[in-house]
There are 2 protein chains.
Amino acid sequence: MPGTEDTTPRGATIYSVAAAAGVSIATVSRVVAGSTVVSETTRTKVLAAMDSLDYLPSGAARSLAVRQHDTHGLVLPELNGPYYAELLVGFETRAAQLQQSVMVVIANSKADRAAAVRKLATRVDGIAMLGSDSVHLARSPKPVVIIAGETQPGAEAVAAENVESATKLTEHLLNHGRTNLLFLGAIDRAADVRERYQGFVAAHMARDLVPAQPVAVEFREHAGAGIADRILSGDLTADALFCGNDEIALAVMTRLIDGGVDVPADIAVVGWDDVMTSRYVRPGLTTVRQPVQQLGAVAADRLHELVHGANFRLERQILPSELVIRSSCGCPPPHSQPATPAKVGQHQNRPRGIR
Amino acid sequence: MPGTEDTTPRGATIYSVAAAAGVSIATVSRVVAGSTVVSETTRTKVLAAMDSLDYLPSGAARSLAVRQHDTHGLVLPELNGPYYAELLVGFETRAAQLQQSVMVVIANSKADRAAAVRKLATRVDGIAMLGSDSVHLARSPKPVVIIAGETQPGAEAVAAENVESATKLTEHLLNHGRTNLLFLGAIDRAADVRERYQGFVAAHMARDLVPAQPVAVEFREHAGAGIADRILSGDLTADALFCGNDEIALAVMTRLIDGGVDVPADIAVVGWDDVMTSRYVRPGLTTVRQPVQQLGAVAADRLHELVHGANFRLERQILPSELVIRSSCGCPPPHSQPATPAKVGQHQNRPRGIR
DNA sequence: TTGTATGCGTTATCAC
DNA sequence: GTGATAACGCATACAA
């Protein structure tokens, strides 16, 4: 049917604005790129044309031409919770400063992750991945940085410090006179939990004590309650619980209290992460705070450098964690029970007496 | 310098695998696309070539060719907290099911958002944006769906129900015999808070009561503590506090309790969002749960349809919220104080006596 | 079933 | 200063 025009407006391209402005596409490209060589008068013409045509450059075309995506990939496990949000904020913020976009994908199973990574690699310059117990990323075509996981052949790793803090935390419990500590968490899933257990073991060894085997628990609240029930029923015995993260610590502790046990008098409980709830609950949960946001930022940073030719760092970068002593470990509660959060950045530690 | 080769390996392209497999690029493209027409023997050849060359397609080139990014954009404000993580999970998961990648950008100021949106629009097919009090997105070249905000000319909106739930919650407080309710939250920032105040007002009107003006507070914990101090000092008076979100509700309530007031006997406190802390704190915080994850999923869904030619929906889609009655409102605490979270999806409401 | 040729919208290298 | 024009890596209509 002659004369029938395509009705779907295809959007302005560099060609249409060039035509509208009466210049070549090269010139348009120059003003878009902010090149200083173009004369003021033509620049104005071009700008006007772009505006009237509502011109929007094609990122794909640009990427193809410059052979670079200018975007970072971020692979996260499905778990929600504040941890991931913070990590994303740190990562995205730093990436943005570096003029990089960020593409995120959430994957759970190893299979999902592998597939996700391959697809992602198609549209980014590099990939940051939370947790290393993940893809066998041999021959990964793009730079990879692993967050909170172990270093791997083709990748670089950044993580929050675990072993030392776990050791300190365990010692703290031991110093409180506890003799039967239990470690709650599955050490075969994630490297960071494994490292926390290492610290747990190390502290025992240092005193010629024999550490208990870890009790595998999912990092979900209901799992924590389950453990508490086993303790209440006498199936499990302990006078101190070292929990792999705050969620289960909170769940266990609360259920224990509901079940009539006195925390921390009968059983001390400590966690990991310092989630918001930990400072609101009574007794306040003793835990460890990780520099999560900074972790994301550093990952974005390293990734950017790798993409731009930097060499892989042989050993992973460790960011310091910080013990947050409250009262679930046996320390006396502060007299005024200040529930208001301390300003972040200030030390919240207030070790007392013991240790 | 003749004979000097470029040492940086440029990565395999469709051309190199075609050559290696002894076929044309069209054929390679076909097997990559999973076309069924190609013979089994050649497919194997191509697959082998791809594998040995470690071929990774260029997403940019593909996007350019098909004139589509197959990517959804998501614009978030900087605030962290579980809300955003959940939203992201819902959005990404649904997008993935639709074969779409997702690019996220975090922006705070209006200026940031405007800039971010324009840059984003360059690499995605459509944009979802949390909150509408944002960009004047006139002539936005790509489809936009607004999450938890008001509908706008060029966009579609999805949101959790606010007014009705806020009305109910207010009525609940009124039914408890409270006569001096205060609304805590800045209604000039976000549409959803505005709507909650509307419900607050509506409930008052229905009883010929005159609602108090909203007390502007930032949604940060320290701000909540500040309000509590004003109440403790007598600067502010109330027997019930309707807080714009759980963070400030928690902060206010805790500080109030530390200051010696009996919550809820002296002052009732309710919040919004049902964060984890709300079910751990004592008294349990009465609040409202929004289908955040679903909100993200619906946004991704609608965006996808808009991108593929669907018409804008004139009125926004409202997802139902749910009252979560605990005891900070004045209701008696459950006898067993079950802190374990109810399975999500089950009704957690247990209204009693009153209303 | 497979190959050829063209277009997708930029950037960048040359000339002019 | 500005304008041709060749990549960039893929999809696809059309031939064969």
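Here is how names work: the chains are called A, B, and so on, in the same order as the sequence lines, proteins then strands, and each is numbered from 1. Computed from a predicted structure; not experimentally measured.
- Across the protein-nucleic acid pair, A:Arg62 atom CZ and C:dG9 atom C1' stand 12 Å apart, rounded to whole Å.
- Here the nucleotide nearest the side chain of B:Val66, chosen from C:dG9, D:dT2, D:dA11, is D:dA11.
- The residue A:Ser63 sits apart from the nucleic acid: no heavy atom pair falls under 4.0 Å.
- The side chain of A:Val23 lies closest to D:dG3 when the candidates are D:dG3, C:dT10, D:dG9.
- One can place CD1 of A:Ile25 at 15 Å from P of D:dT2, the figure rounded to the nearest angstrom.
- A side-chain contact (heavy atoms from CB on, under 4.5 Å) with B:Leu130 is found for one member of B:Ile147, B:Leu74, B:Val75 and no other, namely B:Ile147.
- Of the charged side-chain nitrogens involved, none lies within less than 4.0 Å of a carboxylate oxygen, so that B:Arg94 and B:Glu305 do not count as a salt-bridged pair.
- A salt bridge does not link A:Asp188 to A:Arg194: none of the charged side-chain nitrogens sits closer than 4.0 Å to a carboxylate oxygen.
- In the model, A:Ser39 has a side-chain atom that pairs as donor or acceptor with a side-chain atom of A:Thr42 under 3.5 Å.
- Taking only side-chain nitrogens and oxygens, B:Ser39 comes nearer than 4.0 Å to OP1 or OP2 of C:dT2.
- Comparing B:Ala26 and B:Ala60 by the nucleotide of DNA chain D that holds the closest heavy atom to each, the one mapping nearer the 5' end is B:Ala60.
- Atoms CZ (B:Arg123) and C1' (C:dT10) sit 12 Å apart, rounded to a whole Å.
- At a threshold of 4.0 angstrom between heavy atoms, the contacts of A:Val32 with the nucleic acid are absent.
- Within the 4.0 Å cut-off from OP1 or OP2 of D:dA11, at least one side-chain nitrogen or oxygen of B:Ser29 is found.
- Side-chain proximity of A:Leu64 to D:dC10, D:dG3, C:dG9: nearest is C:dG9.
- In this structure, the NE2 atom of B:His69 is 15 Å from the P atom of C:dC8, given to the nearest Å.
- Straight-line distance from the CD1 atom of A:Ile14 to the P atom of C:dA12: 11 Å, rounded to whole Å.
- When distances run from any side-chain atom of A:Arg30 to the nucleotides D:dG9, C:dA12, D:dG3, the shortest one goes to D:dG3.
- Between A:Ser58 and the phosphate of C:dG9, there is no side-chain N or O to OP1/OP2 separation shorter than 4.0 Å.
- In this structure, B:Leu53 atom CG and D:dG9 atom P are separated by 14 Å, rounded to whole Å.
- The main-chain N or O of A:Arg313 is found under 3.5 Å from a side-chain atom of A:Glu156 such that the two form a donor-acceptor pair.
- The side chain of A:Ser24 places no N or O atom within less than 4.0 Å of a non-bridging phosphate oxygen (OP1 or OP2) of D:dT2.
- The side chain of A:Arg67 has D:dC8 as its nearest neighbour among D:dC8, C:dT10, D:dA11.
- At a threshold of 4.0 Å, the pair A:Arg123-B:Asp70 does not count as salt-bridged, since none of the basic side-chain nitrogens sits closer than that to a carboxylate oxygen.
- Remark: P of C:dT10 and CE of A:Met50 are 11 Å apart, rounded to the nearest angstrom.
- For A:Tyr15 and C:dG7, the shortest distance from a side-chain N or O to OP1 or OP2 is not below 4.0 Å.
- Proximity of B:Thr27 to the phosphate of C:dG3: a side-chain N or O atom is located under 4.0 Å from OP1 or OP2.
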